[in-house]
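Order of the sequence lines fixes the chain letters, A, B, ..., with proteins taken first and strands second; residue numbering starts at 1 for each chain.
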Amino acid sequence: MKLEVCENKRIAKNTFSLKIDNPALFDASPGQFFMVKINDFDYPLLRRPFSIADFSDRYIEIIYKVVGEGTKILAGKQKGDFLDLLGPLGNGFGDIKKGKKIFLVGGGIGAAPLIYLSNTLKSMYGISYEAYFGFNTKDEIYVDFGKTATMDGSSGYAGNVVDMIESQLDENCLVLACGPTLMLKRLAYVCYQKKCSMKVSLESRMACGIGVCLGCVVETTDKDFKRVCVEGPVFDYREIEWQAL
Amino acid sequence: MKLEVCENKRIAKNTFSLKIDNPALFDASPGQFFMVKINDFDYPLLRRPFSIADFSDRYIEIIYKVVGEGTKILAGKQKGDFLDLLGPLGNGFGDIKKGKKIFLVGGGIGAAPLIYLSNTLKSMYGISYEAYFGFNTKDEIYVDFGKTATMDGSSGYAGNVVDMIESQLDENCLVLACGPTLMLKRLAYVCYQKKCSMKVSLESRMACGIGVCLGCVVETTDKDFKRVCVEGPVFDYREIEWQAL
Amino acid sequence: MASSVNLTVKLGSLIFKNPVLTASGTFGYASEYKNYMDLNALGGFVVKGLSVNPKKGNKPPRIVETPCGMLNAIGLQNVGVDKFIKEKLPLLEDVDAHIIANIYGTKAEEFIKLAERLEGVGRVSALEVNVSCPNVSKGGALFGKNPNEVVKLASSVKKHTSKPVIVKLTPNVDDIAVIAKAACDGGADAVSLINTITGMVIDTKTKKPFLANKTGGLSGPAVYPVGVRMVYEVYEKIKVPIIGVGGIYNSDVALQYLMAGAALIEIGTANFTKPDVTIEIIKGIKEFLKVENIKSVGDIVGIAHSV
Amino acid sequence: MASSVNLTVKLGSLIFKNPVLTASGTFGYASEYKNYMDLNALGGFVVKGLSVNPKKGNKPPRIVETPCGMLNAIGLQNVGVDKFIKEKLPLLEDVDAHIIANIYGTKAEEFIKLAERLEGVGRVSALEVNVSCPNVSKGGALFGKNPNEVVKLASSVKKHTSKPVIVKLTPNVDDIAVIAKAACDGGADAVSLINTITGMVIDTKTKKPFLANKTGGLSGPAVYPVGVRMVYEVYEKIKVPIIGVGGIYNSDVALQYLMAGAALIEIGTANFTKPDVTIEIIKGIKEFLKVENIKSVGDIVGIAHSV
Ligand SMILES: Cc1cc2nc3c(=O)[nH]c(=O)nc-3n(C[C@H](O)[C@H](O)[C@H](O)COP(=O)(O)OP(=O)(O)OC[C@H]3O[C@@H](n4cnc5c(N)ncnc54)[C@H](O)[C@@H]3O)c2cc1C
Ligand SMILES: Cc1cc2nc3c(=O)[nH]c(=O)nc-3n(C[C@H](O)[C@H](O)[C@H](O)COP(=O)(O)OP(=O)(O)OC[C@H]3O[C@@H](n4cnc5c(N)ncnc54)[C@H](O)[C@@H]3O)c2cc1C
Ligand SMILES: Cc1cc2nc3c(=O)[nH]c(=O)nc-3n(C[C@H](O)[C@H](O)[C@H](O)COP(=O)(O)O)c2cc1C
Ligand SMILES: Cc1cc2nc3c(=O)[nH]c(=O)nc-3n(C[C@H](O)[C@H](O)[C@H](O)COP(=O)(O)O)c2cc1C
Ligand code: FES
Ligand code: FES
């Protein structure tokens, strides 16, 4: 599906917000993602997976960090260019029931899908939540809500976002998280200790995004492999074999 | 050498004029060419050779036809983009001595280097010439001087540019030509018959453009191979083994 | 211009409505693509490699991108032949295209078991015997590099099935024509080539091979010149049809394979980039034949050999 | 951060100031690059393949682009060893980098002649014996696919030269480690790999192979995973240094080759795309070692093998 770029602008260090015209042909739920073709020609070869950072009648927003060749090229796209998107794909955060105390926890670019999630929780379900985001430095911050932690202490809590929230978690909490694998691993450990619930969005190298290549699998506690693109990217953290990550 | 694009606009059917900021670091003579890197990344892999269509203190002009992937991407470049150019390369039309009656003969996109040549002949040497250009159809015409022939008769002489000029050629003429191989082959035959002189700019698949890969060779009458990029692209037509082309 | 062109291809008793199939491992069990294209438009599909028992496959990471290509080391993860028959095939009941089962075993007996298990399954039109997977520790390319093993394997499968037997060859050999001839000697009704070329990417951050399996198989546009060359080489040496596969990403490359000598072609990695690329390719082939006033796709098969 | 890193590499008695060489056939006789870079910055260059007599090479077209790669079928056009010594070498008199002569013959006697002819030429530091060119009808890869021929050839050259002998291997084989071992058995001081992978492009307009030679050798970024894999495989089987070549186009890929086990690397096709790519790669390797606080480039050679 070729869609028009409405805006593509830098919003933080190496971080860009890409707004794409929404043809309003489909719905998308928080945690789902698109496979984006970077160029009209076959280089880079594979589509890049990006979470939905926001979704409205007018546009689809993706927030991405420039980390390699594909995202570098993406940063050069301009209003009026067309991008080929496949999606929305995967299972998002699903239904969030009231009752539990909800924490959104994001690390770095992993905060992106939590923006759409927070908007949905608020507007659709009227559910309240607390949001905590960790970044390396102040100039990486691109969210304008929630509490932030920075590793260098340049803004908010000085240190790791997991340390920042650890003391607040207990069995009445539901954590909805996305971020670097190491952070999620620590968070999973903490949640396990505190018997707190958690849904977590994982990243994995993907070729197809639609379940056919079996490239994106993650090991699960039942000693099986699950596809991040179809069975995920959001998983109950108890399903995941964290040792293997 | 990364240079800025000043303008890139369509000037005829599938034909574009690309003007590039001239840093005035070098000189270039008519018939020379540049090897142009199409993208910042390595796809397309090889540089594309393009003749110099005009050259002034302000800009380098290339006129190109969209025929494949590389030129298609090139057509998308915009003012402010940078292009990596290698050159000027090769031997151009060289010194043109007064005395002979000069004919510039171009076919299709092959007319491009003759524009710079005509400007140089006029301004530098004050040499007069006649120019003849052949195109398939009227909407392909991008030159604003000389006489034109079109295969479909939609403008000027109806038919082949070689037929158009054949009767005017004799041993006092010097033809300076560029165009499709088949046209040049016919022209060479005519010139041979009429004992007329000719310098001709040839095309060939190039990898390096600087004489090291030996990919671009053309067979010569002394049963040797010459490199189009270094010994050419302009050759005396008697050097070329036309049968082999 | 011809008003209509004939795209049908025969392989033994089978008739394919056009020469475009999808390659094993890149199209799942086909039903996954229902949302993206009309499956009926295809000549057929080769489903993910099947083993006697379900197979878990290799640890991740299993894929990595390379210039105009990718490495995969899936390790033949699959649901096993029984579950395939029970759960996957019924999803394709209403689809009018040939289904080819790609089968894999670590020893001849397993291949035979698979052939026997599929014998009664009418929906499966043919068997593609995978003797070329580079990403497993047993079987796979270990068979496929040895002409004697290939003869033996082809003939044992042949004895246990009434369906056409296609042997899929590995490109990681001195001379692929030797292996192709061995497959024919064993009674193969067709050969398909190429499977992936073994490669490796090293993650310079960790200083280790990127894939958990260390090596993986290279596929995608990058490899097409190797595949075209091998089809060309094999075409001169054998009499059975060739199925060309490797890096086909547009109709020009598809036509190159046909002209080199492939009667049918399989599209793999390109499905990931463009889920409906097969439709585009079928259209492109048709268009080419029309413009060139060629009546039947069969007329261009191997045409690059005539001088 | 280490204040300075040691990039030097030893190969027998030779010391290279860094591991970056240019590959035969892609850098002419080196002087052509004088305008584009400082030749002194390189570890050395391998000049275009030399034969006893001048060689005209194949008819054009000789090259064609492929996805992230190219095919070439130059056919070893070269000025011949005598003219090389008389006319080309003097142009490099003031250049401080090793010159390696790539030699090619159709039979053992020709290789011996070349070795003898170059023996007295002090400016040539080593010989790279090309038993892997796919684009000639005699010699070339016909030798390189046969371990017995490789042993014989390596040992005959070795007997007629006092210079280090490098044997350059073809990737178009079942098992490149077998050929590498054969080269070592013949006394090779090093092996270089890979030469190009045989491929074909068909021009669908003319319906014929695009290259006059029909097949050509695939090089460029597309092939790097194959080269890295082969270096990795060979590293575990032989004791002499490996020179890694194939698709290196940036310092990350260069580092992958080193980590796979290459002591030196050669840059080929990438020179066409960026004439000063070698300088960029040397810089990138240096930068990597600095950031990683690694003192000597030798410390990462083969590091991907340690688990
Ligand atoms: C479900 C999902 C959602 C994602 N959402 C976002 C998002 O909202 N914003 C964002 O900035 N990033 C997101 N990522 C990561 C993003 O896909 C990678 O950063 C991106 O693919 C890098 O491409 P590149 O060409 O710049 O990097 P390169 O390293 O050059 O890419 C080479 C290959 O590796 C893959 N790759 C590289 N890094 C990753 C990674 N971290 N995860 C998966 N594949 C990777 C690429 O897709 C490509 O195939 C998401 C990943 C997944 C799986
Ligand atoms: C000395 C010289 C001067 C030229 N000057 C001009 C010019 O002024 N204007 C212009 O429009 N064209 C010119 N050409 C032709 C131009 O280089 C090709 O049209 C262009 O490379 C096509 O690139 P592509 O990616 O669009 O085509 P593709 O067919 O996709 O290219 C694939 C490969 O083939 C090569 N190739 C394709 N066509 C040609 C060709 N006709 N000649 C040489 N290589 C080719 C490409 O460089 C590339 O490596 C010149 C060629 C040469 C050799
Ligand atoms: C992710 C992936 C999985 C594959 N799995 C199989 C398989 O199970 N059986 C098989 O014979 N080939 C398998 N292949 C090889 C393809 O069928 C095909 O031969 C190869 O990828 C080359 O074609 P392509 O370049 O069009 O992808 C797989 C390829 C990929 C990329
Ligand atoms: C145009 C061209 C000419 C070549 N000529 C030779 C040669 O004369 N001798 C040789 O051993 N290898 C030759 N090669 C092979 C290269 O040296 C190198 O092994 C191969 O191209 C792979 O490296 P690359 O991908 O970096 O180019 C040639 C390669 C190219 C592209
Ligand atoms: S990306 Fe292909 S199965 Fe998930
Ligand atoms: S293009 Fe390389 S020698 Fe002419």
Side-chain angles (χ1 to χ4, degrees), chain C residues 64 66-71 134 141 145-146 170-175 197-210 214-218 220-233 247 249 251-260 288 292 300 303-307, chain D residues 64 66-71 134 145-146 170-176 197-210 214-218 220-233 247 249 251-260 288 292 300 303-307:
Chain C
V64 61
T66 68
C68 289
M70 62 176 281
L71 295 183
K145 285 186 172 190
N146 184 331
T170 171
N172 302 294
V173 293
D174 282 0
D175 186 348
I197 306 176
T198 311
M200 178 185 282
V201 165
I202 290 173
D203 184 343
T204 52
K205 285 195 209 85
T206 62
K207 306 187 186 68
K208 291 200 173 72
F210 187 92
K214 294 185 182 170
T215 59
L218 183 63
V223 309
Y224 98 72
V226 180
V228 169
R229 183 261 297 182
M230 289 187 166
V231 167
Y232 188 94
E233 282 175 3
Y249 69 108
S251 59
D252 186 71
V253 177
L255 288 162
Q256 290 190 45
Y257 268 96
L258 296 170
M259 291 177 182
F288 177 88
E292 295 263 333
I300 61 167
I303 201 170
H305 293 262
S306 49
V307 201
Chain D
V64 61
T66 68
C68 288
M70 62 177 281
L71 295 182
K145 286 186 173 192
N146 184 330
T170 172
N172 302 296
V173 293
D174 282 2
D175 185 349
I176 196 163
I197 306 176
T198 310
M200 178 185 283
V201 165
I202 290 173
D203 183 344
T204 52
K205 285 195 210 83
T206 62
K207 306 186 187 68
K208 291 199 173 72
F210 187 93
K214 294 185 182 170
T215 59
L218 183 64
V223 308
Y224 99 73
V226 180
V228 168
R229 183 262 297 184
M230 289 189 165
V231 167
Y232 189 94
E233 281 176 4
Y249 69 108
S251 59
D252 185 70
V253 177
L255 288 162
Q256 291 192 44
Y257 268 96
L258 297 169
M259 291 177 182
F288 177 88
E292 294 264 334
I300 60 167
I303 201 170
H305 294 262
S306 49
V307 200

Checklist line | D/Asn172 side chain near C/Arg229 side chain, heavy-atom distance below 4.5 Å | finding: yes

Note to self: Please report the interatomic distance CE(D/Met200) to OH(C/Tyr224), rounded to the nearest 0.5 Å.
What the structure shows: 11.5 Å

Next item on the list: Return the option, out of C/Ile300, C/Thr204, C/Thr206, with the maximum number of heavy-atom pairs under 4.5 Å with chain D.
Entry: C/Thr204

Note to self: When you compare the side chain of D/Val201 with that of C/Val228, does any pair of heavy atoms fall below 4.5 Å?
What the structure shows: no

Margin query: If we check side chain to side chain contact (heavy atoms under 4.5 Å, CB included) with C/Asp174, which of these qualifies: D/Thr170, D/Asn146, D/Val173?
Written below: D/Val173

Check: For C/Leu218, is it the side chain, the backbone, both, or neither that has a heavy atom closer than 4.5 Å to a heavy atom of chain D?
Finding: side chain

Check: Looking at C/Ile202 and D/Gln256, what are the two nearest heavy atoms and their distance?
Finding: N-OE1, 2.8 Å

Margin query: For a quick test of reading the model, state the closest non-hydrogen atom pair linking C/Ser306 to D/Lys208 and the distance between them.
Written below: O-CE, 4.3 Å

Next item on the list: Kindly give the heavy-atom pair with the smallest separation between C/Ala304 and D/Pro209, and that separation in Å.
Entry: O-CD, 3.6 Å

Margin query: I'd like to check D/Lys207 versus C/Glu292 (side-chain heavy atoms, cut-off strictly below 4.5 Å). Are they in contact?
Written below: yes

Notebook entry, point to check: So which of C/Leu258, C/Leu255, C/Asp252 has the biggest tally of heavy-atom pairs under 4.5 Å with chain D?
Noted result: C/Asp252

Next item on the list: Pick one of side chain, backbone, both or neither for C/Tyr257, based on which atoms fall under 4.5 Å of a heavy atom in chain D.
Entry: neither

Margin query: For a quick test of reading the model, state the closest non-hydrogen atom pair linking C/Cys68 to D/Cys68 and the distance between them.
Written below: SG-SG, 2.9 Å

